[in-house]
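Counting starts at 1 for both ligands and their atoms, in listed order. Any value given below was found using the heavy atoms of this structure, including those in side chains, with hydrogens, waters and symmetry copies removed.
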Amino acid sequence: MTKEVETVLDTSKELRRGDRFSFSCVPQKECFTQCCYDLTLILMPYDIYRLKKALNMDSKSFLEQYTSVHVGPGTGVPVVTVKMEGAYLKCPFLEEGKGCKVYEDRPGACRTYPLARIAERNGETGEIDEYFYVVRESDCKGFKDGHEWTVQEWIDHEGLSDYIEMNDLFSELIQAKNRAGVGQLTADQIEIFYMGCYDLDSFRRYFLEGPNLDRYMEDPETIKRLEADDLELFKYGMTWVKKKLFEGGGSCFACGIGQGS
Ligand code: SF4
Ligand code: SF4
């Protein structure tokens, strides 16, 4: 069963962090949690990192139980989405009558709405240029009698800063792919990308515990840091994918023999 919802991106105004918009999403709204049904909820790497920790699950089990994967037609890389449940296509993290059971660790997309962030690193300054658009879903009552926010206030209120920082690292990986002129990935490359970006626990087992040359090419201090800190390992996973697939470095995934030589 699918619903007819029109999503409109208001591109008439580019909002910067100090600009204002009006919105209010509270349990008293008649539409409360209706947006948690029948949606395409894309999970970014950091969303998976937060959710699997919140649910105290191994990343591989989390991905198998809650997600589907397809190759993005635009990016050519694996894209992970949440598998909706039942006839009404409910988000599996919604407890009906209660709300989001992973609220503290809900995905960035759930936090960002009703904004959409457009960001790009400036090639000359190295700074990130960003702006925001307002997104309107036709059945969302949040714009009626909305509270007024600046974009920065919304970012703070929704706990978005960490998500923005991590998503920008992921965007840099995609930009590196584009710079390298790589189109569709091969099956082996997809496996590397998927593990390095989305499946942290498998990456830990492969990189820190398994026989591979990549680990021995890193200095011992880096390895100690990665062993001690999951978030560092998570960030390193994306760097590893970038080096291995798009910057000509790394070694063969299957046998550990150097490709770059
Ligand atoms: S106001 Fe909009 S975002 Fe909030 S619950 Fe209603 S439909 Fe969802
Ligand atoms: S993760 Fe939570 S907020 Fe986001 S769609 Fe699912 S139930 Fe709703």
message = Using a 4.0 Å cut-off to any heavy atom of Tyr113, which atoms of ligand 1 qualify?
response = 3 (S)
key: Protein contact of atom 4 (Fe) of ligand 2 - nearest heavy atom, named by residue and atom, plus distance   = Cys110 SG, 2.4 Å
task = Please identify which atoms of ligand 2 are closer than 4.0 Å to at least one heavy atom of Leu94.
result = 7 (S)
query = Between Lys101 and Glu95, is there a salt bridge with N-O shorter than 4.0 Å?
reply = no
Atom 6 (Fe) of ligand 2 [closest protein heavy-atom partner, distance rounded to 0.1 Å] = Cys91 SG, 2.4 Å
ask   = Which atoms of ligand 1 sit under 4.0 Å from any heavy atom of Cys140?
value = 1 (S), 2 (Fe), 7 (S)
query = In terms of residue, atom name and distance, what is the protein heavy atom nearest to atom 8 (Fe) of ligand 2?
reply = Cys36 SG, 2.4 Å
request  = Could you tell me the separation between the OG1 atom of Thr222 and the NZ atom of Lys224, rounded to the nearest 0.5 Å?
outcome  = 11.0 Å
inquiry  = Counting backbone and side-chain atoms alike, is an N, O or S atom of Cys100 positioned under 2.8 Å from atom 4 (Fe) of ligand 2?
reply    = no
ask   = Considering only heavy atoms of Gly142, which atoms of ligand 1 have at least one such atom less than 4.0 Å away?
value = 1 (S)
query = For ligand 1, which atoms have a heavy atom of Cys35 less than 4.0 angstrom away?
reply = 3 (S), 5 (S), 7 (S), 8 (Fe)
note = In ligand 1, the atoms that come under 4.0 Å of a heavy atom of Cys25 are 3 (S), 4 (Fe), 5 (S)
inquiry  = Using a strict threshold of under 4.0 Å (side-chain N to carboxylate O), is an ion pair present between Arg204 and Asp201?
reply    = yes
ask   = Within the distance-only criterion (no hydrogens, no angle test), does the side chain of Asn212 pair as donor or acceptor with the backbone N or O of Phe207 below 3.5 angstrom?
value = yes
remark   = In this structure, CG of Leu185 is separated from CZ of Phe246 (nearest 0.5 Å) by 5.0 Å
ask   = Among protein heavy atoms, which sits nearest to atom 1 (S) of ligand 2, and what does the distance come to when rounded to 0.1 Å?
value = Pro107 CD, 3.5 Å
query = With atoms numbered from 1 as shown, which atoms in ligand 1 lie under 4.0 angstrom from a non-hydrogen atom of Thr33?
reply = 5 (S)
ask   = Looking only at side chains, do Tyr163 and Glu158 share a donor and an acceptor under 3.5 Å apart?
value = no
message = Under a 4.0 angstrom heavy-atom cut-off, which atoms of ligand 1 come close to Phe32?
response = 5 (S)
message = Main chain of Pro78, side chain of Tyr198: is a donor-acceptor contact present, judged purely on distance under 3.5 Å?
response = yes
inquiry  = Main chain of Glu104, side chain of Arg50: is a donor-acceptor contact present, judged purely on distance under 3.5 Å?
reply    = yes
key: Flag, side chain of Arg17 to backbone of Val151, donor-acceptor distance under 3.5 Å   = no
